[in-house]
Amino acid sequence: MAATFSTALDVHFAVSQSDPKRPFFFTKRLKHQKPSQRFRISCKTSESSSSSSKPQQNPLEEQLPKKTQSLSEQLQPLSITTLPKKDQADRLSSNPKSTWVNPSKPRRSVLSLQRQKRSPHAYNPQLRELKLFAKKLNNCENNEGALLSVLEQFPHQPNRENSLLILNSLKPWQKAYLFFNWLKTNHFFPMETIFYNVMMKCLRFGGQFEVIEELANEMVSNEIPLDNITYSTIISCARRCYHFDKAVEWFERMYRTGLMPDEVTYSAILDVYAKLGKVEEVISLYERGVASGWKPDMVTFSVLAKMFGVAGDYEGIKYVLQEMKSVKVRPNLVVYNTLIEAMGRAGKPGFARNLFEDLIESGLTPNEKTLTAIAKIYGKARWEKDALKLWEEMKSKNWPVDFILYNTLLTMFADIGLVEEAEQLFIDMKRSENFKPDSWSYTAMLNIYASGGNVDKAMELFEEMFEVGVELNVMGTTCLIQCLGKTQRIEELVRVFTVSIQQEIEPDDRLCGCLLSVVSLCDNREDIDKVLACLHQANPRLVEFVELIKDEKSSLNTVKEEFRRVLGDTKDDARRPFCNCLIDICRSKNLHERAHDLLYLGTLYGLYPRLHNRTADEWSLNVRTLSVGAAKTALEEWMGTLAKIVKRGEALPELFSAQTGTGTHKFAQGLSNSFGSHLKELGAPFKNSEDKVGCFVATREDLLLWLQSKIPSSCTVIS
């Protein structure tokens with residue numbers, strides 16, 4: 001009887017790491033996932049035993065379920081089968097690692113593909129030839145004639161294996177597409193799904209969705225099955241090319257076929273639905289995916305946060321945070337940035353600050369995008385303390401900065417009125433090699449000086465811009481004109497405006513509104529004419545309307561129609577400022593009746609939607625969005641209306657209030673002070689509220705006595 005002996009050997013392979021930039025199919029043998037292979041050699045002394053060369057089938061391999069392969073895994077065997085099997089050495093194989101499955105847990109219905117995993121290839125002598133040939137194809141001219149000329153030198157008869165290797169190596173997509181069509185035209189072999197998948201991935205890289213869709217329809221016509229990879233490529237390319245409706249269409253077709261999307265497809269289609277504004281569909285798809293076993297990744301949560309942030313949906317953002325907590329996913333820096341920006345859009349600066357602090361505590365280092373977002377939020381909220389703390393932390397911890405962040409910090413300092421900090425940062429930018437101040441940097445500084453009334457420094461900066469070759473922009477022009485107008489330096493104002501026109505700066509509605517406000521401040525006719533001449537170059541119709549309202553013979557109907565035309569030519573956010581400035585002009589020229597006409601027209605056209613508010617206990621006047629002249633006009637109009645109500649003997653509430661608000665800007669103009677002074681001039685019994693800043697209150701009894709003194713006939717109070 002033949003004796004059998006066996007021994008176990010440890011075989012170690014030492015291979016070098018391949019260059020990641022090398023083409024996928026022409027790399028040398030890569031390092032195995034396991035550094036050593038352990039296998040058993042059995043020998044028999046009988047000669048008959050040596051004749052058996054076919055290895056026994058491992059029973060474990062038959063028991064394991066077949067796993068859906070990714071595109072790269074499907075391509076892996078090609079380099080092995082390029083040559084006949086008889087020329088290849090017998091390969092050693094180890095037992096596959098068994099996987100324990102919890103029988104009590106339902107099986108996941110969502111595919112978990114290891115997408116584009118690069119697997120090692122066996123050595124194949126033919127690969128060198130194919131590599132050189134593919135290089136030759138890539139180097140030839142990008143036209144059909146040149147490519148066909150090179151294809152005549154194909155080193156072997158084109159077959160499924162070597163054709164796939166060549167197709168996956170061709171760049172750009174035009175050459176790959178020509179080669180793909182050449183294979184189809186010559187009918188070397190049947191075209192399978194994998195060929196279309198490889199071609200579609202190349203087309204996706206080139207952003208050719210229309211061609212991809214043609215190939216997909218061709219597959220349907222030729223009854224070539226579309227697999228999960230095919231649909232994923234189509235959907236992700238449609239998303240990249242902004243064909244969102246097409247992405248949804250193919251996603252729905254995928255579901256009808258019974259194929260379940262993988263993680264990449266789920267994230268892509270969620271982003272598509274979010275960009276289309278289909279919030280309910282996003283939530284429904286997200287929850288359906290999670291219920292089927294899909295674990296959302298950072299990209300998904302970033303998509304959800306951005307969707308809710310753009311909509312300013314605070315509750316939606318909280319939902320995202322709760323979901324991340326439920327699946328035990330801690331935000332990375334990208335998600336933190338998205339959430340902070342979203343809180344800023346939702347008008348929740350406090351929550352944005354909490355997220356920023358949580359980011360720091362988690363051990364992450366904020367990048368330029370993080371700091372830019374939080375600086376914008378602090379500036380808009382006028383949070384001086386937090387802005388200074390952020391600035392100190394940036395300097396002490398040496399956090400990264402870029403040009404956008406520098407300008408954002410300057411704007412933040414301008415919004416809050418931190419002059420010294422802004423000046424120091426501006427000096428640092430001048431000294432730096434990579435962050436020299438540009439037009440927006442100078443504009444931020446002009447805004448700071450103009451808001452603080454520092455005209456001399458503003459003009460010095462204006463002259464400096466010419467010296468260093470930095471062009472003025474429309475925002476900088478507006479800041480300078482506003483500053484010069486308040487100090488009645490009209491000659492310099494005209495010069496700044498003339499320079500802006502020479503530099504081909506197109507005046508916008510904000511600049512026109514600024515010129516209008518300067519007209520209301522001018523004391524003499526000569527200055528008014530100079531400013532109106534500038535305004536005429538920017539907006540002739542507006543100047544014509546100014547002349548119309550100054551003419552006391554103009555009827556209300558005429559003013560109404562012309563005012564409607566002016567508003568029609570003006571952007572929405574500039575319409576109320578225009579009306580405010582026009583009312584100011586009328587009051588400065590003692591045209592009080594016309595000022596009341598304009599206030600009436602502004603209310604009629606919806607420019608002052610929340611001017612009045614009434615409850616059972618309190619009637620209030622809200623002049624927060626009005627100029628000083630418009631606020632005085634609104635007060636007079638309100639008192640006149642109340643006098644008529646008293647005269648008719650109608651019931652009045654217990655309390656009356658007028659709300660001016662209080663500017664959070666360090667250099668905010670004192671509407672509250674001017675309004676309070678006007679109340680004193682009228683003798684109205686309104687006093688500063690002890691509970692609320694920028695609010696004036698009066699009781700029914702006090703106001704009634706004052707109104708009765710203004711009305712000839714007696715009145716009685718109806719409780």
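No side-chain donor-acceptor contact under 3.5 Å links Arg239 to the backbone of Phe244. Ser284 places no side-chain N or O within 3.5 Å of a backbone atom of Glu281 that could act as its donor or acceptor partner. A donor-acceptor pair under 3.5 Å is formed between the side chain of Ser451 and the backbone N or O of Asn447. Panel note: side chain Thr300, backbone Pro296; no donor-acceptor pair is recorded below 3.5 Å. A donor-acceptor pair is defined here as one N or O able to donate and one able to accept, closer than 3.5 Å; such a pair exists between the side chain of Lys175 and the backbone of Asn138. Between the side chain of Thr411 and the backbone N or O of Asn407, at least one donor-acceptor pair lies under 3.5 Å. Side chain of Ser326 to main chain of Glu323: a donor-acceptor pair is present (N/O by atom type, distance under 3.5 Å, no hydrogens or angles). Side-chain atoms of Gln503 do not come within 3.5 Å of backbone N or O of Ile501 as any donor-acceptor pair.
Salt-bridge annotation for Lys389 and Glu384: absent, with no side-chain N of the basic residue lying under 4.0 Å from a carboxylate O of the acidic one. The pair Lys457-Glu423 meets the salt-bridge criterion, since a charged nitrogen lies less than 4.0 angstrom from a carboxylate oxygen. A salt bridge links Arg353 with Asp386: the closest approach of a Lys/Arg side-chain nitrogen to an acidic carboxylate oxygen falls below 4.0 angstrom.
Residues Pro437 and Lys430 have side chains in contact (heavy-atom distance under 4.5 Å, counting atoms from C-beta outward). Here the side chains of Phe578 and Cys512 are in contact, with some heavy-atom distance below 4.5 Å. When side chains are defined from C-beta on, Met307 counts as touching Val279, because their heavy atoms get closer than 4.5 Å.
Between the side chains of Glu210 and His243, at least one donor N or O lies within less than 3.5 Å of an accepting N or O. For the residue pair Ser236 / Arg204, a side-chain donor-acceptor distance below 3.5 Å is found, with atom types taken as modelled. In the model, Glu341 has no side-chain atom that pairs as donor or acceptor with a side-chain atom of Asn337 under 3.5 Å. Side-chain polar atoms of Tyr336 and Asp358 form a donor-acceptor pair below 3.5 angstrom.
Of the residues listed (Trp399, Phe413, Tyr378), the one engaging Trp391 in a ring-ring contact (aromatic ring centres under 6.0 Å, His included) is Phe413, and it is the only one.
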Could you walk me through whether Val334 and Val299 pass the side chain to side chain contact (heavy atoms under 4.5 Å, CB included) test, one step at a time? CA-CA 9 Å; Val334 174; Val299 176; over 6 Å; no

Determine whether Glu315 and Lys318 satisfy the following criterion, salt bridge (Lys or Arg N to Asp or Glu O under 4.0 Å), listing intermediate values before the conclusion. CA-CA 5 Å; Glu315 294 299 324; Lys318 286 203 304 184; 3.6 Å; yes

Verdict with reasoning, Asp313 to Arg345, per salt bridge (Lys or Arg N to Asp or Glu O under 4.0 Å): CA-CA 9 Å; Asp313 187 346; Arg345 294 191 194 99; over 6 Å; no

Check step by step if side chain to side chain contact (heavy atoms under 4.5 Å, CB included) holds for Leu203 and Met199. CA-CA 6 Å; Leu203 290 167; Met199 187 66 247; 3.7 Å; yes

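Remark: Tyr442 pairs with Phe426 by the ring-ring contact (aromatic ring centres under 6.0 Å, His included) rule, at least two apart or across chains. Listed by chain and number, the residues in a side chain to side chain donor-acceptor pair (under 3.5 Å) with Glu463 are Arg495 (sequence neighbours excluded).
Ring geometry for Tyr286 versus Trp294: interplanar angle over 60°, hence perpendicular rather than tilted (30 to 60°). Between Tyr177 and Trp173, the ring planes lie tilted relative to each other; the angle falls in the 30° to 60° range. Between Tyr314 and Phe351, the ring planes lie tilted relative to each other; the angle falls in the 30° to 60° range.
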